[in-house]
J.: 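First, the structure itself, so that you have it in front of you.
What's counted below: heavy atoms across the whole structure, side chains too, no hydrogens, waters or symmetry copies.
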Amino acid sequence: MSPLARFMPLLALLLPLTAQADPSTPPAADSLAIDEPGGVPAGYALTWSDEFSTPGLPDAGLWTYDTGANKHGWANHERQYYSDARPENSRVEDGTLIIEARKEDLKDKSDWGGQHYTSARLLSKKTYTYGYVEVRAQLPCGLGVWPAIWQLPATKALKWPDDGEIDIMEYVGWNPDTIYHTVHTGLYNHVKGTQKGVLKTMPAVCGQWHTYSLLWTPDEIKEGIDGRFYYRFHNEGTGKGAWPFDRPHELILNLAVGGDFGGKTGVDDSTMPWQFRIDYVRVYQK
C-alpha cells in the first residue's frame, strides 16, 4: 500500500507503484518463514495506544485521514473514495473502531473522482522508530475486500519504494485463507518481483478476531498473528536499498475496494457493506 498517491496524486495515474502492492507472486527464495513465540518483548513498555473506548469519530488527537488521491483516483486502480471524518465510513462504537466500505456515490464532495464505493484510510498522528505493535482486528469477508494494517515513513517527501514500507497484515477476499506479511524496499519490491514476504495460511480468517503484531528493531522485522511470529526480515547491513527502516513511521489502517490485487477476481457488491473492525492499537518501546 503506498502513499505515493497521497503525496503525488498525479503520479498515481502514471505509475503502477503502490504499497498496497500485489504480493501474490511467490516470496523471494531468501524470505524467511519462521514459527516463534511472540508477544510483548521483555523490557518494552506501552508508549501509546487507542482502545477505541469513546463512541463517535476516531480520536482526532491520534488519527487523521488520507484523502489525497480521491480526485484523480487511487493507485492500483482501487475503486474507493476515502472519506474524511465521515461516520458512515469510520466510527467508534461498542469499544471498536469500524472502517466501513459502502456501495455509494458521493457526488456532492468537491474531491469526488467518480468512485462508486466509499471507505476510509486512517493515519496515526503519533509516530515511532523501532518497537512492538499489536492490533486486534476482525477482517471483513467478501470478494473484493482489501483491508490492511501497515506503516510508512512519516514524511511528505516520501519516495517509494526506496524509503520502505512494512505491511503488518494484508488480506484479500479472493484468497480467503491467507494473511500476507510483506516489506518493500528499493531492492526488494513487487515491481522487481523481489519483494520479501510470507503468506500465512489462516483458514476462515475473515470474520474472526485475531491479533496482528510487528516487532521492529535495528536488526530485523518480525511479524505474526495471535502471539507467534511467522515472518522475519533481517537487516543484511548493505545499506538503504535493503534496509531503509531507520526513521519514524506512522501506522495506517484502511479498507480498500477492489484494485489490481484486491479486485483480481472482481468485487461482489451483494456482500456490502464491509466492516473492518479494530479492537485496539498498542505500541510498545524500550
J.: Quick one: list whatever passes side chain to side chain contact (heavy atoms under 4.5 Å, CB included) with D35, sequence neighbours left out.
T.: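 Listed in chain order: R228, Y230.
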J.: Give a yes or no on this: more than 12 heavy atoms of other residues, nucleotides or ligands lie within 6.0 Å of atom NZ of K103.
T.: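 Yes, NZ of K103 has more than 12 neighbouring heavy atoms, counting only those of other groups under 6.0 Å.
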J.: Tell me every residue that passes ring pair (Phe, Tyr, Trp, His ring centres under 6.0 Å) with W48, counting only those two or more places apart in sequence or in another chain.
T.: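 Result, ring pair (Phe, Tyr, Trp, His ring centres under 6.0 Å) vs W48: none returned.
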J.: Just by distance, no angles: are the side chains of D177 and T201 close enough, under 3.5 Å, to form a donor-acceptor pair?
T.: no
J.: Determine, for K240 against D246, whether the closest basic-nitrogen to carboxylate-oxygen distance falls under 4.0 angstrom.
T.: no
J.: Using only heavy-atom distances, determine whether the side chains of Y231 and T182 contain a donor-acceptor pair under 3.5 Å.
T.: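 No - no donor-acceptor pair under 3.5 Å links their side chains.
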J.: Does the side chain of Y81 pick up a donor-acceptor pair with the side chain of D111 at under 3.5 Å?
T.: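 Yes.
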J.: State whether the number of non-hydrogen atoms from other residues, nucleotides or ligands found under 6.0 Å of H210 atom NE2 is greater than 12.
T.: yes
J.: Is the closest side-chain heavy-atom distance between W216 and Y128 below 4.5 Å?
T.: yes
J.: Would you kindly say whether S83 and N89 are connected by a side-chain donor-acceptor distance under 3.5 Å?
T.: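 There is such a pair (donor and acceptor under 3.5 Å, judged by atom type) between the side chains of S83 and N89.
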J.: Taking atom types as modelled, is there a side-chain donor on Q275 or E100 under 3.5 Å from an acceptor on the other?
T.: yes
J.: Please confirm whether K196 makes a cation-pi placement over F233, using NZ or CZ under 6.0 Å from the six-membered ring centre and within 45° of the ring normal.
T.: no
J.: Assess, by modelled atom type and distance only, whether the side chains of W74 and N70 contain a donor and an acceptor separated by less than 3.5 Å.
T.: yes
J.: Run the side chain to side chain contact (heavy atoms under 4.5 Å, CB included) test against T178 and tell me which residues pass, sequence neighbours left out.
T.: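 If we apply the side chain to side chain contact (heavy atoms under 4.5 Å, CB included) test to T178, skipping adjacent residues, the hits are N175, Y180, L199.
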J.: Does one side chain, of S53 or E51, offer a donor that lies under 3.5 Å from an acceptor on the other?
T.: no
J.: With no hydrogens and no angle check, do the side chains of W146 and E78 hold a donor and an acceptor under 3.5 Å apart?
T.: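 Note: W146 and E78 side chains miss the donor-acceptor criterion.
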J.: Are the charged groups of E250 and K125 less than 4.0 angstrom apart, N to O?
T.: no
J.: Check the side chains of W160 and E165 for a donor-acceptor pair under 3.5 angstrom, ignoring hydrogens and angles.
T.: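 Checked: E165/W160 side chains pair up, N/O donor to acceptor below 3.5 Å.
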